[in-house]
Amino acid sequence: MRLSSRIAIILGLIIGGRAVSADAQTLAQGGRITLSVSAGLQPTSTTFSGTATNSVYLENAVTTTAYEVESAPVFEGGVAFRLAEKFGVGAIVSSLTSSRDTDVSATIPHPFFFNSPRTITGTAAGLERKEVATHVQALYALYTGTRLDVTVSGGPSIFKITQDVVSNVTFQEAYPYDSATFGSAVSTAKSKTGVGFNLGADLTVRVARHVGVGGLVRYSRASVDLPTEAASPLEVDAGGVQIAGGIRVFF
Amino acid sequence: MRRLSAITWIVAAASVGWLVSDQRPVLGQGRLLQIAPNTAATLRDSASTVEQMLRTGELQVRLTRVDTLVPGGTIEQLDQRYQGIRVWGGSVSRQLRGAETVSVFGTMYEGMSLGVTPKLSADDAKQAIERIGGRTLGPNKTPELVVLPMEDGTFRLVWVGEIATNDDKIRLFIDAEGGAIVRRYSTVHRQVPNAPIGRGTGVLGDSKKLTTDTAGGTFIAFDLLRPPVIATFNMRSNLSRALDFLNGVTPLVTSDYASDSDNDWSDTAVVDAHAHSGWTYDYYYKRFGRRGLDNADKRILSLTHLVRRSDVYTAPASIFFTFFINAFYAGDGVMVYGEGLPPGVFFTGDGKSHDYYSGALDIVAHELTHGVTDYTSQLEYINESGALNESFSDMMATGAEFFFHPAGSGPGKADYLLGEDVIRAVGAGARDGIRSLASPGLYDQPDHYSNRAILSLDQDNGGVHVNSGIPNNVFYLAIEGGTHRTSGIRVQGVGGGNRLQIERVFYRAFAQLMPSNANFSLARVVTLQAARDLYGVNSGPYNAIRDGWTAAGVN
């Protein structure tokens, strides 16, 4: 236990350091507790659009942003407990950060006339997306050999999503104001927590008595409604397919 | 030698038929010459004279730019010089196509006789400007020595410079002899992105935006977004004060501005006076690239509520016809709008109800176009030139209406009637509005030269509001086409979708090429020249205008 405490502290430091989190879950033969640290990729991209409405010249200026969350690295760490020969439970914390320039268009009301909007387009630079997910898992050892373990898992996921949301744009205009030019996008980070699910599989190869290496594939998904300045919130999907590999430590 | 060439020009003008006219009574020693050659021969002479004056230094090229309306053309702006010193306001515009001079127009001063060695140095003038502005000027902000024509016809050698202060940018003319301030005015072209925009209800009950400003904790009808000063005043039925202002006795002050506490305006006369003034400025800018009345963002001040509607029953006829059922351009960028009649009341003289006159965009555009004419052709307001003056205002008024309103009939719709949005038929036989470009005869106007009214000058200045029906109908036929009601000649118009072509031709003719004493026959020549400049001989617009004049009996 003393050793495991040390390892837990070390892993805690690693995980708490920043974006690391870790894991792929396995039910290693001969141990009741498995700690895992993994790094990988979420190869899928997600697109969604959002609008923001602001009052300009007595009318609504509508800003439409085409968000895209690209393929991004994932770091995760977790712990699993074997409750029976083939069954166990675990929890993983995973983290993903993505940053991307995003297309923005807006209709800007005319200062002189109703219903005569000008359309401007531009780019919102470096909109950041962070997903921190806690995957609670039921584990089942599908195959357990002397050196190889295959485990499948599933359960609820709690996502905290932080997204830079474009809330407004700045623009330049001059008489006769029949056109305007894009200045910049005004964005603010919006956060919301939501519940989804996860399904996955882990393959671990034991390389020493207490150490193994493994790979995992997981699909997780949650949808949250991010609060915005617009009348309706911004519906955002989180998660996706993740592929990762890392170290397993057994106790 | 330099004076001699200028005099030679004048003499030549007199002998070969140039149009040379004084802009103001000759006081002191100066005269302002308007130059507008109207024949090929005089154009050649004027082109030659310009070349000669360029060689002698009496003219100097200030600006050369590509003619955006005529491909392949260039337009030069030449400044008048007196012994090497720029004469303020003396300039010539020369239209070139390659090396060929297409037109020459200008205003130049003659009769100057003054020394050009200043007693006040440039540094002294600069320091004077800095003292007045309360700011320091940079090393490149050196005043320019110019000859300034004065209102009384004399000339002064002055230093001119500009200085930006906390709330303005001022142009100052400092006497180069004694250092006195000879003239000063603001040169600010206002562009305020965050200017307050108000909402107003117009005379027709329509909702429109108003460009406003704030002062003293309230909103005032002062346009912060368009380049010129456009302001609307509420005279609060104080006709005496309004007249004092028009006569230069009393200035208008902040409390005279039309105002509203929450920027949601319900004074319909004010709303439309303010909005329609801005729209008219927009029309000229967007259609023709013209910057206001004088093409230099001359102010537009609108006076509303000079009288009280309820006083109409006791008002003398002169007041009634001037300030109740009338609107007029009072000169110097000032517009006066009639109060109209109380609801439910109509004038038995014409069988029509009269609402606030500012409520009709075409009335506003018509009157402001008189301001444009004042700063361009200065068409003499008598006889045929006066009818052309009136007609040009009707044409531009109609153009503005079609620019902003959907085509149709009835209030708020674009048509070829004048004033129909606020002057409505009530009595039997009466018709909406006051004139029709499509059917002048319906409003007792001739549409054919053979039927023109020959009146004395004390009768409508020789029929300026009567005979305007003839060119008005030419304008209409050139756009819409049709068979002339009197001559029966058919005209192929360019079509409503191409009205821009005819508007541009007539604008170019009337605001750029027309001499001040033109008659209908000369107007035909000038408009065809403009059509040729813009679209070529035998183009659709050229033929439509030619056939329109022919149909109207003007050859």
Side-chain angles (χ1 to χ4, degrees), chain A residues 50-65 102-125 127 164-188 228-231, chain B residues 188-202 205-213 219 221-230 260 262-265 271-272 274-292 297 300 361 400 403-406 412:
Chain A
T51 60
T53 304
N54 297 276
S55 180
V56 175
Y57 300 140
L58 306 178
E59 296 179 272
N60 286 334
V62 179
T63 302
T64 303
T65 306
T102 302
D103 292 338
V104 175
S105 67
T107 56
I108 308 297
H110 198 289
F112 298 161
F113 307 105
F114 286 110
N115 304 315
S116 303
R118 291 89 40 91
T119 299
I120 60 174
T121 58
T123 301
L127 291 187
D164 286 342
V165 175
V166 175
S167 59
N168 206 343
V169 292
T170 64
F171 57 93
Q172 286 88 45
E173 59 179 356
Y175 181 82
Y177 307 106
D178 290 338
S179 63
T181 55
F182 184 87
S184 62
V186 179
S187 64
T188 52
T228 67
E229 282 75 11
Chain B
V188 170
H189 294 186
R190 296 170 193 277
Q191 297 275 325
V192 187
N194 294 319
I197 302 296
R199 181 193 305 272
T201 302
D206 52 327
S207 182
K208 51 188 56 150
K209 294 183 180 181
L210 287 184
T211 45
T212 61
D213 194 7
F219 294 92
F222 188 99
D223 190 333
L224 285 176
L225 287 182
R226 291 181 175 86
V229 167
I230 298 178
D260 188 272
D262 61 0
N263 220 13
D264 192 350
W265 300 65
V271 167
D272 278 343
H274 199 57
H276 289 162
S277 297
W279 292 12
T280 302
Y281 179 90
D282 295 341
Y283 169 71
Y284 270 100
Y285 181 83
K286 292 181 181 180
R287 270 294 203 230
F288 315 119
R290 184 179 184 82
R291 304 189 74 96
D297 291 330
I300 300 174
L361 172 61
F403 192 83
F404 289 105
H405 292 166

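Reminder, nothing fancy here: chain letters follow the sequence lines and each chain counts from 1. Because the structure is predicted, anything quoted here is derived from the model rather than measured.
- Residues from residues 109-119 of chain A that place a non-hydrogen atom less than 4.5 Å from a non-hydrogen atom of chain B comprise A/Pro109, A/His110, A/Pro111, A/Phe112, A/Phe113, A/Phe114, given in numerical order.
- Interface residue B/Phe404: only side-chain heavy atoms are found under 4.5 Å from chain A.
- B/Lys208 and B/Ala275 make their closest contact through CD-CB, 3.7 Å (heavy atoms, listed as atom of the first residue, atom of the second, distance).
- Under the 4.0 Å criterion applied to side-chain N and carboxylate O atoms, B/Arg226 and B/Asp297 are not assigned as salt-bridge partners.
- Nearest heavy atoms, B/Tyr285 versus B/Arg291: CE1-NH1, 3.4 Å.
- In this structure, B/Leu225 and A/Tyr177 approach most closely via the heavy-atom pair O-OH, 2.6 Å.
- The minimum heavy-atom distance linking B/Pro196 with B/Asp213 is given by the pair CG-CA, 3.8 Å.
- Of all heavy-atom pairs spanning B/Ser277 and B/Ile230, the tightest one is CB-CG2, 4.0 Å.
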